[in-house]
**Student:** 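Okay, here's the structure, questions in a sec.
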There are 2 protein chains.
Amino acid sequence: MTGTISKQALRRLPYYLEYLKKQRDEKQVVNISATIVANDLHLNEVQVRKDLAAVSVTGGKPKTGYVITELITDLECFLGYNNTKEAIIAGVGKLGSALLSYDEFARYGLHIVAAFDTNEEIVDNVKIFPAKKMADLCERLHAHIGIICVPPSQAQAVCDEMIKSGILAIWNFAPTHLRVPPEVILQNENLAASLAVLSQNLAIEIGEGSNDRKG
Amino acid sequence: MTGTISKQALRRLPYYLEYLKKQRDEKQVVNISATIVANDLHLNEVQVRKDLAAVSVTGGKPKTGYVITELITDLECFLGYNNTKEAIIAGVGKLGSALLSYDEFARYGLHIVAAFDTNEEIVDNVKIFPAKKMADLCERLHAHIGIICVPPSQAQAVCDEMIKSGILAIWNFAPTHLRVPPEVILQNENLAASLAVLSQNLAIEIGEGSNDRKG
């Protein structure tokens, strides 16, 4: 994969992807050549061959062509569909706002690319969107990670909205139990419980266990 | 322990505590009676008997009196010296400020009782103090938990200052390695690493492992 590709070629990639998925799902195609793709899509064969070569990681084989599942993965990867580095955040109160401007994420290549709240405004140069725009934005940005920083009472509704919008991994800061389907990864972050653990360890350490005698 | 005690009695407690520690450490006293305490401190015996009874958890025994180590623990506990529920925070930027006003701590009986920063100001009705007041305030508040939310470059200096001020447990949000003496509990909270773990799990889940082929 060269990594460089013309703007015109980039515009063709989603069509290849859509076509290949159909071939795989509806016709159970396993291998496919650039010639067949070009014929089916009425495109110039040389152009298609060049496009697919630019995107494919392992490349096509002389006789069989591309393994269709690999080519689909490569296209999705190239197009950023398998984006696992960008997240959206819902709830831009104190904590959400702190996460939104948290420099450290960038050190891991992570970025919060869209923020949602009932109050539409600009926070740290980031525009805050209303929840109804979540599905549209997630699709356009191919974001699959959602951070929940809303109050506990709203967390499940926001979680459901995220999943409907294509979010596959949820980082939940709301101190409440969330129900998610099995294919969605849920990671709970309970800051108060973390401090409580430290407090408890300290109590054990300095022997406040003597309080037990009060029982 | 009745839990109710007059203001005058409360003022006497630190003197009992100081006296008892001296008896334990310098004279290896194991048991002590209210009579001896009253005599040594030139106080009214009935008063002393009443004060100690109000504070002691297990109470004194008719002949031997109080077990001195237990009475010391009970006094410290009563005076809040073994406070494991109150914390101070250093660094009131975005994240520190979010923690400072984080309601959830109270659900665990935890409170941030003092905040320090180079910028002295009022944040959410909490006065921010300069670091030089840390030792004095920690002693007065008997706070033993310190939360570090300063930039990584300042974290070790702040950590050292906290330990000098009597902090015994540190909750570190600065993404840097802190050196603490063995008696101090250190709990690191790396939010960026948490999100990175989620991102990594998502990448595995949706098969971005295909990137490995790019090798």
**Student:** Is any residue of residues 86-96 of chain B within less than 4.5 Å of chain A by heavy atoms, and which ones?
**Tutor:**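 Residues in range: K94(B), L95(B).
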
**Student:** Can you list every pair that meets side-chain hydrogen bond (donor to acceptor under 3.5 Å, both in side chains) and has a residue in residues 137-146 of chain B, with sequence neighbours left out?
**Tutor:**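 Output for this query lists D136(B)-R140(B).
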
**Student:** With sequence neighbours left out, what residues match Y102(B) under side chain to side chain donor-acceptor pair (under 3.5 Å)?
**Tutor:**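 Once residues adjacent in sequence are excluded, Y102(B) has no partner under the side chain to side chain donor-acceptor pair (under 3.5 Å) criterion.
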
**Student:** Is the count of non-hydrogen atoms from other residues, nucleotides or ligands lying under 6.0 Å from D103(A) atom CG greater than 12?
**Tutor:**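 Count not over threshold, so no.
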
**Student:** Tell me whether K127(A) at atom NZ has more than 12 heavy atoms from other residues, nucleotides or ligands lying less than 6.0 Å away.
**Tutor:**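 It does: K127(A) NZ has more than 12 such atoms within range.
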
**Student:** Given a strict heavy-atom distance threshold of 4.5 Å, which part of A106(B) is in contact with chain A: side chain, backbone, both, or neither?
**Tutor:**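 Contact with chain A is absent: no heavy atom of A106(B) under 4.5 Å.
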
**Student:** Measuring from I145(A):CD1 to L195(B):CG, what's the distance to the nearest 0.5 Å?
**Tutor:**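 With rounding to 0.5 Å, CD1 (I145(A)) is 5.5 Å from CG (L195(B)).
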
**Student:** So, for S194(B) and Q187(A), which heavy atoms are closest and what is the spacing to 0.1 Å?
**Tutor:**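 Minimum heavy-atom separation between S194(B) and Q187(A): O-NE2, 2.9 Å.
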
**Student:** Given heavy-atom pairs under 4.5 angstrom as the criterion, report whether the side chain, backbone, both or neither of E189(B) touches chain A.
**Tutor:**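 The side chain, not the backbone.
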
**Student:** For F173(B), which residues count as a ring-ring contact (aromatic ring centres under 6.0 Å, His included) partner, sequence neighbours excluded?
**Tutor:**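 F173(B) satisfies ring-ring contact (aromatic ring centres under 6.0 Å, His included) with W171(B) only.
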
**Student:** Given that the side chain runs from C-beta out, which part of L99(B) has a heavy atom under 4.5 Å from chain A: side chain, backbone, both or neither?
**Tutor:**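 L99(B) touches chain A through side-chain heavy atoms alone.
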
**Student:** Looking at L198(B), L110(B), I185(B), which one has more heavy-atom pairs under 4.5 Å with chain A than the rest?
**Tutor:**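 Highest number of pairs under 4.5 Å: L198(B).
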
**Student:** In Å, rounded to the nearest 0.5 Å, how long is the span from OG of S199(B) to NZ of K85(A)?
**Tutor:**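 One gets 4.0 Å once the value is rounded to the nearest 0.5 Å.
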
**Student:** Which pair of heavy atoms, one from L191(B) and one from F105(A), lies closest together, and at what distance?
**Tutor:**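 Result for this residue pair: O-CE2, 3.8 Å.
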
**Student:** What do you reckon, is NZ of K63(B) surrounded by more than 12 foreign heavy atoms closer than 6.0 Å?
**Tutor:**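 Check fails, neighbour count at 12 or below.
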
**Student:** Does atom OH (Y19(B)) have a neighbourhood of more than 12 heavy atoms from anything else shown, all under 6.0 Å?
**Tutor:**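 Yes, the 6.0 Å shell around OH holds more than 12 heavy atoms from other groups.
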
**Student:** Please report the interatomic distance CG(L168(A)) to CG(N201(B)), rounded to the nearest 0.5 Å.
**Tutor:**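 L168(A) CG to N201(B) CG: 12.5 Å, rounded to 0.5 Å.
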
**Student:** Select, from A193(A), A192(A), P152(A), the one with the greatest count of heavy-atom pairs under 4.5 Å involving chain B.
**Tutor:**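 Heavy-atom pairs under 4.5 Å are most numerous for A192(A).
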
